[in-house]
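Model, not experiment: these values are computed from the prediction.
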Amino acid sequence: MNAEDLTLNIAVNLGRLSRFAMDGKEQRVKQFLLDTDDYINQLEAAPKSERFLPTFKSFINKFQQLKNNVMLNEAWAEDMLTWANILTHRAKLA
């Protein structure tokens, strides 16, 4: 997969994570965090444009914070959904 496709897959997963968090589905959140980590690892190894790198670095920092402090609440879900939207819009830059 190329960087754009990987970025869009991550964005879709973040949307799912948001929904699962709001539904209180802890096991699904754990599953999709692992799946998203796999996509992130692939994206880290993939060639990316210089224009996309600042967004990617910011996302990685925030995702690690969220992953290490999972909360099945509105604030956590909103952060995931916000990054889903950002990455969807920035995927073409990847």
Side-chain angles (χ1 to χ4, degrees):
M1 266 187 273
N2 63 30
E4 182 178 352
D5 291 340
L6 289 166
T7 302
L8 290 172
N9 284 346
I10 292 167
V12 169
N13 276 7
L14 297 179
R16 290 175 177 149
L17 282 161
S18 175
R19 187 177 69 247
F20 293 143
M22 289 304 297
D23 291 344
K25 295 182 177 179
E26 185 176 357
Q27 288 301 90
R28 295 294 276 171
V29 167
K30 288 179 182 178
Q31 174 189 354
F32 275 86
L33 285 171
L34 290 174
D35 190 40
T36 303
D37 262 336
D38 184 46
Y39 284 132
I40 289 170
N41 290 335
Q42 290 178 53
L43 184 54
E44 284 178 325
K48 296 170 284 305
S49 76
E50 288 295 319
R51 292 179 59 201
F52 181 69
L53 288 178
T55 299
F56 185 60
K57 288 177 184 177
S58 294
F59 165 68
I60 292 297
N61 289 334
K62 187 61 175 183
F63 183 77
Q64 290 303 321
Q65 291 172 10
L66 292 167
K67 185 178 92 170
N68 292 330
N69 190 27
V70 175
M71 303 177 93
L72 304 180
N73 63 26
E74 190 174 327
W76 193 90
E78 184 66 30
D79 280 343
M80 285 294 186
L81 195 55
T82 297
W83 275 104
N85 289 327
I86 291 168
L87 292 179
T88 298
H89 291 288
R90 299 283 176 93
K92 290 234 182 257
L93 295 178

Problem - Inter- and intrachain pairs under ring-ring contact (aromatic ring centres under 6.0 Å, His included), touching residues 8-30, at least two apart - result: Phe20-Phe32
Selection [range] - residue pairs positive for salt bridge (Lys or Arg N to Asp or Glu O under 4.0 Å), sequence neighbours left out:
range	value
residues 11-21	none
residues 48-61	none
residues 59-70	Asp37-Lys67, Lys62-Asp79

Handout entry: Distance in Å, Asn9 CG paired with Glu4 CD, rounded so as to fall on 0.5 Å steps
Key = 11.0 Å
Problem - Non-neighbouring partners of Glu26 that pass salt bridge (charged side-chain N to carboxylate O under 4.0 Å, His left out), sequence neighbours left out - result: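 Result, salt bridge (charged side-chain N to carboxylate O under 4.0 Å, His left out) vs Glu26: Lys30.
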Practice task
For the residue pair Glu44 and Ile60, establish whether any side-chain heavy-atom pair is separated by less than 4.5 Å.
Solution key: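 Yes, at least one pair of side-chain atoms sits under 4.5 Å.
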List the residues meeting side-chain hydrogen bond (donor to acceptor under 3.5 Å, both in side chains) with [X], not counting sequence neighbours, and say none if there are none.
X	answer
Asp38	Gln42
Glu78	none
Asp35	Asn13

Completion exercise
In terms of heavy-atom contacts, Thr36 and Ile10 come closest through CG2-CG2, 4.0 Å
Could you list the donor-acceptor pairs under 3.5 angstrom formed by side chains in residues 86-94, with sequence neighbours left out?
from	atom 1	to	atom 2	distance (Å)
Thr88	OG1	Ala84	O	2.7
Arg90	NH1	Thr55	OG1	2.5

Using distance only, find each side-chain donor-acceptor pair of residues 70-77 under 3.5 Å and give its atom names and separation, not counting sequence neighbours.
from	atom 1	to	atom 2	distance (Å)
Asn73	OD1	Ala75	N	3.3
Asn73	OD1	Trp76	N	2.9
Trp76	NE1	Leu66	O	3.0
Trp76	NE1	Asn69	O	3.4

Problem - ring-ring contact (aromatic ring centres under 6.0 Å, His included) involving Trp83 - partner list, sequence neighbours excluded - result: Phe59
